[in-house]
Amino acid sequence: MSEPTLFSFYANTTNPSISSLYLTNYVHKLSDGGSHLFQNVAVYLIIIILIFLSETFFLLPNESGRSEKDFYYPLLLFFFILPFSISGISLIIFRIIGGTGFNGISGIVAAFIGYFWFILYNVYFSIREDVILKNPQMIRKMDVFFIGCFFIPILIFVYINLLSYDNLGGHTAGYVFGFFSGYGTYLTRKKKEDKIIIALIFAIIIWITSTFWIFF
């Protein structure tokens, strides 16, 4: 495979292209025998099954304003738009630390983890309403604990990064984007004006994170 062809799939820090910044999220080097690829696919399948079960058996029956489209929109965002943001942030991090390039779907998988974490927040707050009626003293403890849980995946990403020199920037960015994509979808069900505001906020954030590497 020639070097220009290789760089159209794998993002490198010295001469990235638009195609490589997108496609690098969907390719894996197999120098480790494919174990990294297998781990990412396994985590993705587990998370997507958990999302499907949660959406189907809990959220859709219990949230009157929710529809199947509430998941389709983040799905399109994760697969077609978010890769540019993940690559843009990864590119900045790897240029700072001196890395030569990056690839893999783990940033997108992290976005699904973040989205599922927001689903757990939905479940939590439905339980929270019942707890208020039964034991108001428990609410503060539950809130502190669950807000703390938001940072658990980030700490895991940091730990994995320290062990294997993994893409901490891409993982964390994917997770945070995934979480707030779920939150943004939730907010857009309230008012029509919120759809415009949320869309503009996401457009600005994605544009900045996708292009800011130019200045590094």
Side-chain angles (χ1 to χ4, degrees), residues 7-12 16-30 34 36-56 59-60 66-94 101-122 153-154 157 166-189 195 198-213:
F7 284 169
S8 69
F9 292 94
Y10 292 90
N12 67 94
S17 64
I18 295 177
S19 61
S20 67
L21 291 177
Y22 178 77
L23 294 174
T24 195
N25 291 274
Y26 294 101
V27 294
H28 275 265
K29 294 179 180 177
L30 300 178
H36 187 206
L37 173 61
F38 175 78
Q39 291 170 5
N40 282 330
V41 172
V43 173
Y44 168 76
L45 291 176
I46 292 172
I47 291 297
I48 205 69
I49 290 173
L50 291 174
I51 289 174
F52 173 77
L53 293 175
S54 302
E55 294 267 6
T56 302
L59 295 183
L60 286 174
R66 194 177 189 88
S67 68
E68 293 179 356
K69 293 181 179 179
D70 290 343
F71 176 63
Y72 294 152
Y73 293 141
L75 193 71
L76 294 173
L77 180 67
F78 296 164
F79 282 127
F80 296 105
I81 305 298
L82 192 58
F84 292 105
S85 292
I86 294 173
S87 294
I89 293 174
S90 300
L91 188 58
I92 293 173
I93 298 298
F94 275 90
F102 51 90
N103 63 85
I105 199 172
S106 51
I108 296 175
V109 174
F112 280 100
I113 294 175
Y115 182 84
F116 176 66
W117 216 250
F118 180 74
I119 290 178
L120 294 183
Y121 270 72
N122 281 1
I154 297 178
F157 296 151
D166 216 341
N167 188 358
L168 173 63
H171 294 166
T172 305
Y175 169 74
V176 173
F177 275 118
F179 183 92
F180 285 103
S181 294
Y183 184 50
T185 304
Y186 170 78
L187 290 178
T188 57
R189 301 205 308 266
K195 292 183 179 181
I198 295 298
L200 286 174
I201 292 175
F202 268 92
I204 292 172
I205 292 176
I206 289 172
W207 179 75
I208 291 175
T209 53
S210 299
T211 60
F212 201 67
W213 57 269

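Predicted model, so just to flag it, every value in this text is computed and none were measured.
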Residue list, side chain to side chain contact (heavy atoms under 4.5 Å, CB included) with L37, at least two apart or on another chain: H28, L30, V41

Compare every heavy atom of [Y] with every heavy atom of [X], then report the nearest pair and how far apart it is.
X: I105; Y: N40; answer: CG2-CB, 3.7 Å
X: P16; Y: L21; answer: CB-CD2, 4.1 Å
X: G182; Y: F118; answer: O-CE2, 3.3 Å
X: I108; Y: P83; answer: CD1-CG, 3.9 Å
X: S54; Y: I119; answer: CB-CG2, 3.6 Å
X: S181; Y: L77; answer: OG-CD2, 3.3 Å

Parallel, tilted or perpendicular: ring planes of Y175 versus F179, cut at 30 and 60 degrees: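 Because their plane-to-plane angle lies in the 30° to 60° range, the rings of Y175 and F179 count as tilted.
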
Side chains of [X] and [Y]: closer than 4.5 Å at any heavy-atom pair?
X: F84; Y: T211; value: no
X: V43; Y: I113; value: yes
X: W213; Y: S87; value: no

Could you walk me through whether Y22 and I18 pass the side chain to side chain contact (heavy atoms under 4.5 Å, CB included) test, one step at a time? CA-CA 7 Å; Y22 178 77; I18 295 177; 6.0 Å; no

Any chance you could measure [X], atom [atom1], to [Y], atom [atom2], to the nearest 0.5 Å?
X: I51; Y: I48; atom1: CD1; atom2: CD1; value: 4.5 Å
X: W117; Y: L50; atom1: CH2; atom2: CG; value: 10.5 Å
X: L75; Y: Y115; atom1: CG; atom2: OH; value: 9.0 Å

Got a list of side-chain donor-acceptor pairs under 3.5 Å for residues 198-210, not counting sequence neighbours?
residue, atom, partner, partner atom, Å
T209, OG1, S85, OG, 2.8
T209, OG1, I205, O, 2.8
T209, OG1, I206, O, 3.1
S210, OG, S85, N, 3.4
S210, OG, S85, OG, 3.4
S210, OG, I206, O, 2.6

All ring-ring contact (aromatic ring centres under 6.0 Å, His included) counterparts of F112, not counting sequence neighbours: Y44, F78, F79

Please check: side-chain N/O of S106 versus main-chain N/O of H171, any donor-acceptor pairing under 3.5 Å?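 No, because the side chain of S106 does not come within donor-acceptor range (under 3.5 Å) of the backbone of H171.
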
Taking atom CZ as the centre, does F212 end up with more than 12 heavy-atom neighbours from other residues, nucleotides or ligands that are less than 6.0 angstrom away?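 Atom CZ in F212 is not packed in, count stays at 12 or less.
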
Looking only at the side chains, is there a donor atom on one of S20 and N12 sitting less than 3.5 Å from an acceptor on the other?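 Note: S20 and N12 side chains miss the donor-acceptor criterion.
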
